[in-house]
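Below you'll find the structure, written out as structure tokens, and then a few comments.
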Amino acid sequence: MRLGINLGYWGAGMDADNLAVAQEADRLGYDVCWAAEAYGSDAPTVLAWVAAQTERIDVGSAIFQIPARQPAMTAMTAATLDSLSGGRFRLGLGVSGPQVSEGWYGVKFDKPLARTREYVEIVRKAMTRERLSYEGEHWTLPLPGGPGKPIKLTVHPEREHIPLYIAAIGPKNLEQTGEIADGALLIFPAAEHLEDTALRHIRTGREKAGLTMDGFDVCPTVPLAVGEDVTALADMFRPYTALYVGGMGSRKQNFYNQLAQRMGYEKEAAEIQDKYLAGDKQGAAAAVPHQLIDSTTLLGPVERIADGMKAYAEAGVTTLTLAPAGFTLDERITALRTGVEAMERAGLA
């Protein structure tokens, strides 16, 4: 199992700290550094900045939002980042959610599976540097009846095949991800539920494509906090968990709420959502079960974190991406270093 680092969203006064975290992860031998985007900082700019100031660590988008860019633009960005970084770029894609897709980008959130499949097909074809033509339900290239013609990408990526990941939560999305991608970006992963909530669906998709799980990267992001008081550490993540389980998407389309239900928290997920959508964010955070937080994070002293890492490895995780918590840079760097020490103690390094 390899280690990654997730910087999350840029900004909020954390810019210099995030760069220092990425550089320390590079020095410590972390495998990949991911950056996210929603409706603030964009991921490509952050990744270019990080790649320019690191040496070995891969840089990856977790995620580029599909409604934010035409697929050919994503292929251009991926090829450029791979070239500039010396072959260190990984392309992570996701459909975002209905609030962001329709409210921020003005793109209808419909048929996300079909749109993702077509998007991936176009991106892959463009990056082969063949002349680009495509006929699908959502994209037709070139547009018929006009002056457009099939053209090809002029940038040469460093590698012939740039690894492509999809952020997937629901069973159908996970199955399609196994079929068409090189890896899955997962969130709120509980080691004891990983087979039922994710891996069996990914495996079905791989089998549908005539593939095995060999070479497929199972890559969850797991918050990490170091200390002796596990309950206090878990409480740090109550607002974060309540935001996703209660406030992301809409009442009818909240993928994280549905995931919590699949892990056995049906009643609690409903209560968290009811309170969050009613404006009671503190009540929603208080309603998050301790076990839900503890099972989807790495909390405690190094020995306990090592045990958690071992459980993830045994469950089938191939790249464990850490989101080190801390109010100061020193706390986040300490968490990074603890992650490496825990891997060594677990015998996974």
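Only a predicted model underlies this, so the values are computations on that prediction, with no experimental measurement involved. Atom set for the values below is all heavy atoms of this structure, side chains included, hydrogens, waters and symmetry mates excluded.
The structure places CE of Met309 at 10.5 Å from CD of Glu344, a figure rounded to the nearest 0.5 Å. To the nearest 0.5 angstrom, Thr321 atom OG1 is 12.0 Å from Leu224 atom CG. In this structure, Leu320 CG and Asp31 CG are separated by 11.5 Å, a value rounded to the nearest 0.5 Å. The distance from the CD1 atom of Ile66 to the OG1 atom of Thr74 is 8.0 Å, given to the nearest 0.5 Å. Considering CD1 of Ile180 and CD of Glu118, their distance stands at 10.5 Å, rounded to 0.5 Å. Rounding to the nearest 0.5 Å gives a distance of 12.0 Å between CG of Leu194 and OG1 of Thr296.
Every side chain to side chain donor-acceptor pair (under 3.5 Å) that Tyr105 has, sequence neighbours left out, goes to Gln65. By the ring pair (Phe, Tyr, Trp, His ring centres under 6.0 Å) test, Phe188 pairs with Tyr240, Tyr244, sequence neighbours left out. Taking Glu137 as the reference, Lys111 meet the side chain to side chain donor-acceptor pair (under 3.5 Å) condition, with sequence neighbours excluded. The side chain to side chain donor-acceptor pair (under 3.5 Å) check on Thr221 picks up Asn6, with sequence neighbours excluded. Not counting sequence neighbours, the partners of Thr318 by the side chain to side chain donor-acceptor pair (under 3.5 Å) test are Asp217.
In this structure, Ala181 and Arg124 approach most closely via the heavy-atom pair CA-NH2, 3.8 Å. Taking each heavy atom of Ala62 and Ala36 in turn, the nearest pair found is O-CB, 3.3 Å. Across all their heavy atoms, Val21 and Leu336 have their closest contact at O-CD1, 3.4 Å. In terms of heavy-atom proximity, Glu268 sits nearest to Gly264 at OE1-O, 4.4 Å. Taking all atoms of both residues into account, the shortest heavy-atom contact from Gln273 to Asn257 is CB-ND2, 3.6 Å. Residues Thr319 and Met1 come closest through the heavy atom pair N-CG, 4.4 Å.
Salt bridge Lys172/Glu175: absent, no basic N to carboxylate O contact under 4.0 Å. Salt-bridge formation is not detected for the pair Arg203/Glu207: no Lys NZ or Arg NE/NH1/NH2 atom is positioned less than 4.0 Å from an Asp or Glu carboxylate oxygen. A salt bridge is absent between Asp196 and Arg262; no separation between the charged side-chain nitrogens and carboxylate oxygens falls under 4.0 Å. A salt bridge is defined here as a Lys NZ or Arg NE, NH1 or NH2 lying under 4.0 Å from an Asp or Glu carboxylate O, and Lys125 with Glu121 fails to meet this definition. One finds no salt bridge joining Arg304 and Glu228 here, because no Lys/Arg side-chain nitrogen approaches an Asp/Glu carboxylate oxygen to under 4.0 Å.
At least one donor-acceptor pair closer than 3.5 Å links the side chain of Gln23 to the backbone N or O of Gln53. In this structure a side-chain-to-backbone donor-acceptor pair under 3.5 Å is present from Glu331 to Phe327. Side-chain atoms of Arg238 come within 3.5 Å of backbone atoms of Val288 as a donor-acceptor pair (strictly under, hydrogens ignored). Within the 3.5 Å criterion, the main-chain N or O of Ala79 finds no donor-acceptor partner in the side chain of Ser83. Looking only at distances, a side-chain donor or acceptor of Arg159 sits under 3.5 Å from a matching main-chain atom of Phe89.
Residues Gln258 and Asn254 have side chains that never bring a donor and an acceptor to within less than 3.5 angstrom of each other. Looking at Arg332 and Asn18, their side chains do bring a donor and an acceptor atom within 3.5 Å of each other.
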Item to check | Arg345 vs Glu341, salt bridge (Lys or Arg N to Asp or Glu O under 4.0 Å): CA-CA, chis, key distance, verdict | outcome: CA-CA 6 Å; Arg345 292 198 184 198; Glu341 183 183 352; 2.8 Å; yes
Item to check | From CA spacing to verdict: side chain to side chain contact (heavy atoms under 4.5 Å, CB included), Glu158, Ser85 | outcome: CA-CA 8 Å; Glu158 187 76 11; Ser85 67; over 6 Å; no
Next on the checklist: One pair to check against side chain to side chain contact (heavy atoms under 4.5 Å, CB included): Asp110 and Arg115. What are the steps and the verdict?
Outcome noted: CA-CA 8 Å; Asp110 62 348; Arg115 291 177 66 86; 4.1 Å; yes
Next on the checklist: Between Leu81 and Val59, is the side chain to side chain contact (heavy atoms under 4.5 Å, CB included) condition met? List the steps.
Outcome noted: CA-CA 9 Å; Leu81 282 168; Val59 293; 5.7 Å; no
Item to check | From CA spacing to verdict: side chain to side chain contact (heavy atoms under 4.5 Å, CB included), Met76, Val155 | outcome: CA-CA 7 Å; Met76 291 165 59; Val155 174; over 6 Å; no
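Residue pairs meeting the ring pair (Phe, Tyr, Trp, His ring centres under 6.0 Å) criterion with at least one member in residues 121-156, sequence neighbours excluded: Tyr119-Trp139.
Thr338 pairs with exactly one of Val302, Leu322, Ile333 by the side-chain contact (heavy atoms from CB on, under 4.5 Å) rule, that one being Val302.
Residues Leu259 and Met263 form a side-chain contact, since some pair of their non-hydrogen atoms from C-beta on lies under 4.5 Å apart.
The side-chain tip of Arg206 does not point at the ring of Phe216 from less than 6.0 angstrom away and within 45° of straight on.
Linking Ile, Leu, Val, Met, Phe, Trp and Tyr residues whenever their side-chain heavy atoms come within less than 4.5 Å places Leu7 and Leu329 in a single cluster. Note on Ile169 and Val317: same hydrophobic cluster, where clusters join Ile, Leu, Val, Met, Phe, Trp and Tyr whose side-chain heavy atoms are under 4.5 Å apart, directly or indirectly. Ile272 and Leu243 fall within the same hydrophobic cluster, where Ile, Leu, Val, Met, Phe, Trp and Tyr residues are linked whenever their side-chain heavy atoms come under 4.5 Å apart, directly or through other members. One hydrophobic cluster, built from ILVMFWY side chains closer than 4.5 Å, cannot hold both Val100 and Tyr256; they sit in different ones. Under a hydrophobic clustering in which Ile, Leu, Val, Met, Phe, Trp and Tyr are joined whenever their side-chain heavy atoms come within less than 4.5 Å, directly or via other members, Ile5 and Tyr9 fall into the same cluster.
Within 6.0 Å of CD1 on Ile151 lie no more than 12 heavy atoms contributed by other residues, nucleotides or ligands. The environment of CD in Gln282 is sparse: at most 12 heavy-atom neighbours from other residues, nucleotides or ligands sit within 6.0 Å.
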